[in-house]
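Accompanying notes for the structure given below.
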Amino acid sequence: VEMDNEGYKEFANVLKISTSLKRICIADNKLELNTLKEIFEAVKTNKNLTEIKFPGCGIDSESIVYLAEALKYNKSIVTVSLPRNNISVE
């Protein structure tokens, strides 16, 4: 399904309340920082998720901080995949 940033913000709202999603893969979408923040906030609260994949989504050294924060709170996630992003170690 192709969506723009607004569509992914709506997806984040659904993700916050979903009890059936176990895995998500959002691939090859250059998401804005605010959109990533909303998705990662949903990841933080959705304890049913076990696997998240964001290949080629424009995640960088700034936005990865928000994902790391979400993962501190959500211990149900056992697989995280982030290939083809621009994450650097500083």
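- Follow the hydrophobic side-chain contacts under 4.5 Å out from Ile39 and you reach Met3 in the same cluster.
- Note on residues 69-78: pairs passing side-chain hydrogen bond (donor to acceptor under 3.5 Å, both in side chains), not counting sequence neighbours, are Glu69-Lys72, Asn74-Ser76.
- No donor-acceptor distance shorter than 3.5 angstrom exists from the side chain of Thr35 to the backbone of Lys9, with no hydrogens or angles considered.
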Please assess Leu36 against Tyr66 for the test side-chain contact (heavy atoms from CB on, under 4.5 Å), listing each intermediate value before the final yes or no.
CA-CA 8 Å; Leu36 288 167; Tyr66 297 97; over 6 Å; no

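- Counted within 6.0 Å of NZ on Lys53, heavy atoms from surrounding residues, nucleotides or ligands total 12 or fewer; the atom is thus considered open.
- When the shell of 6.0 Å around CZ of Arg84 is examined, it contains more than 12 heavy atoms from other residues, nucleotides or ligands.
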Check the pair Val78 / Glu51 against side-chain contact (heavy atoms from CB on, under 4.5 Å), numbers first and verdict last.
CA-CA 6 Å; Val78 295; Glu51 181 177 355; over 6 Å; no

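- Contacts classified as ring-ring contact (aromatic ring centres under 6.0 Å, His included) and involving residues 19-47 (residues at least two apart or in different chains) are given here: Phe40-Phe54.
- In this structure, Ile59 and Asn85 approach most closely via the heavy-atom pair N-OD1, 2.9 Å.
- Between the CG atom in Asn46 and the CD1 atom in Ile17 there is a gap of 10.0 Å [rounded to 0.5 Å].
- Note that CG of Leu49 is 5.0 Å distant from CG of Leu15, once rounded to the nearest 0.5 Å.
- Atoms CD1 and CD1, from Ile77 and Ile52 in turn, are 4.0 Å apart once rounded to the nearest 0.5 Å.
- Nearest approach of Ile26 to Cys57, heavy atoms of both residues: O-SG, 2.8 Å.
- Atoms NZ and NZ, from Lys44 and Lys16 in turn, are 10.5 Å apart once rounded to the nearest 0.5 Å.
- Looking only at side-chain heavy atoms (C-beta outward), Ile87 and Asp60 stay at 4.5 Å or farther from each other.
- Separation of atoms CG (Leu82) and CG (Leu67) is listed at 6.0 Å; rounding is to 0.5 Å.
- Scanning both residues, Glu38 and Ala12, for their nearest heavy atoms gives O-CB, 3.6 Å.
- Of all non-hydrogen atoms in Gly58 and Ser63, the two that sit nearest each other are O-OG, 4.3 Å.
- Here the CG atom belonging to Leu21 is positioned 6.0 Å from the CZ atom belonging to Phe11, to the nearest 0.5 angstrom.
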Start with the C-alpha distance between Leu31 and Asn5, add both sets of side-chain angles, then the distance that settles side-chain contact (heavy atoms from CB on, under 4.5 Å), and finish with yes or no.
CA-CA 6 Å; Leu31 300 175; Asn5 279 282; 3.8 Å; yes

